[in-house]
Amino acid sequence: MKTILITGAAGDVGTHLRRELARKYRIRASDLRSLKKVGSETFLRADVSKMTDALRITKGVDAIVHLGGYSVEGPWEGILSANIIGCYNVFEAARRNGVKRILFPTSNHAVGFYERAQTIDHRVYIKPDSRYGVSKVFGEALGSLYADKYGMQFLMIRIGNVNPAPIDKRRLSIWISPRDIAQLVSIGIEHPDIRFEIVYGISANTRAWYDNSNAFRLGYKPLDNSEAYAAEVLAREKPGDPVADVYQGGVFCVAEEVPNPAPLPKGKKTGSKTKKK
Ligand code: 15L
């Protein structure tokens with residue numbers, strides 16, 4: 001039985017995956033927070049923004065599902081440390097520990113500024129809609145580098161929204177059920193010919209904005225379709241923000257106030273060198 005490390009295991013997606021995959025894999029769950037164990041999984045507390053922690057948790061596993069980090073928009077400092085430094089540490093620790101296979105749950109927010117009127121596939125140019133989306137694009141780019149340079153293997157799953165049922169009109173297009181995301185993750189762990197692939201993490205939704213042919217080529221056969229919930233979801237939908245409604249990323253695409261950074265102390269300019277007298 002393969003040993004799989006799931007980082008960020010205490011979050012929603014991690015919790016669904018651990019339940020769905022408990023009988024198929026030996027799971028090593030890792031998080032900053034405590035969690036309620038599922039089956040015979042092991043738990044390692046870790047902060048992946050520290051390389052020593054990343055090296056410790058990635059030792060001796062067959063594959064990594066790297067969910068750790070912010071799963072929504074957040075302040076730049078937090079995104080930088082958890083999503084960018086944390087992602088680098090996990091991929092680099094995997095390389096040093098000889099772990100070849102990584103599944104990176106990237107996000108619909110890596111391409112959230114595409115309009116809903118458009119159908120996009122895995123080859124479109126990135127269009128992140130947030131600092132969070134940019135951090136997912138960073139993970140995709142880093143995976144591409146590690147695949148080409150070090151021969152590692154990556155499945156990038158641009159996840160829509162994992163939930164037992166779709167929660168609003170936007171999610172009718174991007175919803176994925178827990179059993180469908182578990183199927184995609186299993187493909188990512190088992191498929192013999194993955195080098196660097198991008199797929200969309202959605203169920204077989206009638207209203208999908210994605211052409212998910214790359215996932216189907218790898219053997220994905222989603223079992224669920226959000227249309228079964230459409231009437232109920234649309235009946236309770238309230239009018240939304242007109243800008244958000246244009247874009248696939250929804251409210252992530254609406255401009256927000258970003259506070260100015262604190263001014264630098266006087267006499268200290270970034271990039272300038274002080275001449276010796
Ligand atoms: C995501 O990427 C997030 O991880 C999740 O929490 C949701 O916000 C989802 O996107 C979404 O767009 O619904």
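Index from 1, following the sequence. Order of listing sets the numbers, starting from 1, for every ligand and every atom in it.
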Any donor-acceptor N/O pair, Ser226 side chain to Leu172 backbone, under 3.5 Å: yes
Contacting atoms of ligand 1, where contact means under 4.0 angstrom from a heavy atom of Asn161: 7 (C), 9 (C), 11 (C), 13 (O)
Check: Phe104 ring centre within less than 6.0 Å of Phe91 ring centre: yes
Main-chain N/O of Asn83 paired with Ser135 side-chain donor or acceptor, under 3.5 Å: no
Residue and atom name of the nearest protein heavy atom (relative to atom 12 (O) of ligand 1), distance in Å to one decimal: Arg170 NH2, 2.4 Å
Protein contact to atom 6 (O) of ligand 1 [nearest heavy atom, distance to 0.1 Å]: Ser71 O, 3.4 Å
Element-labelled atoms of ligand 1 that are located less than 4.0 Å from some non-hydrogen atom of Ser107: 1 (C), 2 (O)
Where ligand 1 meets Gly160 - atom numbers and elements under 4.0 angstrom, heavy-atom basis: 9 (C), 10 (O), 11 (C)
Side-chain donor-acceptor pair present, Arg158, Ser107, cut-off under 3.5 Å: no
Proximal atoms of ligand 1 relative to Tyr132 (non-hydrogen, under 4.0 Å): 1 (C), 2 (O), 3 (C), 4 (O)
Common cluster, Tyr88/Tyr150, ILVMFWY with side-chain heavy-atom separation under 4.5 Å: yes
Residue portion contacting ligand 1 (non-hydrogen atoms closer than 4.0 Å) for His109: side chain
Interfacing atoms of ligand 1 (cut-off 4.0 Å, heavy-atom, Val72): 6 (O)
Distance flag, aromatic centroids of Tyr70 and Tyr132, threshold under 6.0 Å: no
Near-ring test Trp209/Tyr200, centroid separation under 6.0 angstrom: no
Atom 13 (O) of ligand 1 - nearest protein heavy atom and its distance: Arg171 NE, 2.7 Å
Proximal atoms of ligand 1 relative to Asn108 (non-hydrogen, under 4.0 Å): 9 (C), 10 (O), 11 (C), 12 (O)
